[in-house]
2 protein chains.
Amino acid sequence: MAARMTRQRTAVVEALDELADFRSAQQLHETLRARGESVGLATVYRALQALAEASEVDVLRAEDGESLYRRCARREHHHHLVCRACGRTVEIDGPTVEAWASKVAAAQGFDDIEHTVELWGTCADCRASSAR
Amino acid sequence: MAARMTRQRTAVVEALDELADFRSAQQLHETLRARGESVGLATVYRALQALAEASEVDVLRAEDGESLYRRCARREHHHHLVCRACGRTVEIDGPTVEAWASKVAAAQGFDDIEHTVELWGTCADCRASSAR
DNA sequence: CGCTTGTTGAGAACCGTTGTCAAAGATCGG
DNA sequence: CCGATCTTTGACAACGGTTCTCAACAAGCG
């Protein structure tokens, strides 16, 4: 029940702290390996899982179903605007959406509402650099 | 390039027409088998893929990453409110959200915006039937 | 220190999905 | 109708991300 602070967990957290964009467990594992840290893939998965559970990291599903993780600035509920080309991420909140969601759901007699709201686009830099 | 109408494709479409909720490819395959239609799993996957491409069915990702398919009443862009217990689905649209999404994205200099907005909850019936 | 108990890691297992390829059948010109 | 053609089918293998297994290991505590 404890949650011990091991070398591996520390490494995962540190790596996440240095990265600004959403990364997959495998990418993270690769990164750690590359920098000399010896960490098992299963361990990376477990660490991310635990962090997600504790709301220490945000999880996003890529279009192909892969899970992507990111250490966000705020721990409160928020959404993301992600550049599908470079992965650049902007945290956004949408009080409008939250309100709309619960209103619509309630109107239909639904309870325990959860919502998924993510925005994908091409950021200014990527638009400029790609042959226009 | 043709898109021939085969017994199998017809069966998949018909099954979808009779089902109101989101179903996975495997569930659909199961259903077809159960009703005597002999259809291969791979074929079901291919049929659903084609239908999705043609916007004939909507695709949703379950929390575990599985793809769920549904024949929706309207082909235009819309969202869903899904009961996570029984799968009951309500089609909803959110002009509010659409507007908010494009405004926020534009403010950050993003282009070619796409958004994912799905609502999950427990419908009235399921709430009642589960030990409260 | 030692002990207890959670954690690790290599590989196997899982599971949804896609690829393979020979056999089957839809479509069409004759 | 009848073949020729060319897509589609289906059983099974292969794939890729994720989880499980279990013996070896190491935090943290007294």
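Below, read A as the first sequence line, B as the second, and so on, with proteins coming before strands; counting in each chain starts at 1.
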### Query
Between D93(A) and R74(A), is there a salt bridge with N-O shorter than 4.0 Å?
yes

### Task
Give the rounded distance in Å between these two atoms: CE of M5(B) and P of dA26(C).
12 Å

### Query
Within this structure, what is the CD-to-C1' distance between E66(B) and dG16(D), rounded to whole angstrom?
16 Å

### Query
From the list dG9(C), dT18(C), dT17(C), which nucleotide is the closest neighbour of the side chain of A25(B)?
dT17(C)

### Query
With a non-hydrogen cut-off below 4.0 angstrom, is S24(A) in contact with a base, only sugar-phosphate, or nothing?
nothing

### Query
Within less than 4.0 Å of OP1 or OP2 of dT8(C), is there a side-chain N or O belonging to T6(A)?
yes

### Message
Tell me the interatomic distance from H29(A), atom NE2, to dG17(D), atom P, rounded to whole angstroms.
### Response
13 Å

### Summary
Whole-Å distance, Q8(B) CD to dA11(D) C1', equals 14 Å

#### Entry: Euclidean distance, atom CD of residue E30(B) to atom P of dC15(C) [Å, nearest integer]
15 Å

### Task
Calculate the interatomic distance between Y45(B) atom OH and dC12(D) atom P; express it in whole Å.
17 Å

### Residue among L48(B), V44(B), V12(B) satisfying side-chain contact (heavy atoms from CB on, under 4.5 Å) with H29(B)
V44(B)

### Query
Quick one: is Q26(A) getting a side-chain N or O under 4.0 Å of the dG16(D) phosphate, OP1 or OP2?
no

### Message
For the residue pair H79(B) / E91(B), report whether a side-chain donor-acceptor contact shorter than 3.5 Å exists.
### Response
no

### Task
Tell me which of D64(B) and R33(A) sits closer to the 5' end of DNA chain C, going by the nucleotide each one is nearest to.
R33(A)

### Whole-Å gap separating P (dG16(C)) and CZ (F22(B))
19 Å

### Task
Compare side-chain N and O positions of R9(B) against OP1 and OP2 of dT9(D) and report whether any pair is under 4.0 Å apart.
yes

### Message
Taking side-chain hydrogen bond (donor to acceptor under 3.5 Å, both in side chains) as the definition, give me every residue that meets it alongside R75(B), ordered by chain and number, with sequence neighbours left out.
### Response
E56(B)

### Task
To the nearest Å, give me how far apart CZ (R46(A)) and C1' (dT21(D)) are.
10 Å

### Query
Does R4(A) make a side-chain N or O approach to OP1 or OP2 of dA26(D) shorter than 4.0 Å?
no

### Query
Taking the side chain of T43(B) as its heavy atoms from C-beta onward, which of dA26(D), dG10(D), dT8(C) lies nearest to it?
dG10(D)

### Sugar-phosphate, base or nothing in reach of Q49(A), heavy atoms under 4.0 Å
sugar-phosphate

### Message
Using a strict threshold of under 4.0 Å (side-chain N to carboxylate O), is an ion pair present between E18(A) and R35(A)?
### Response
yes

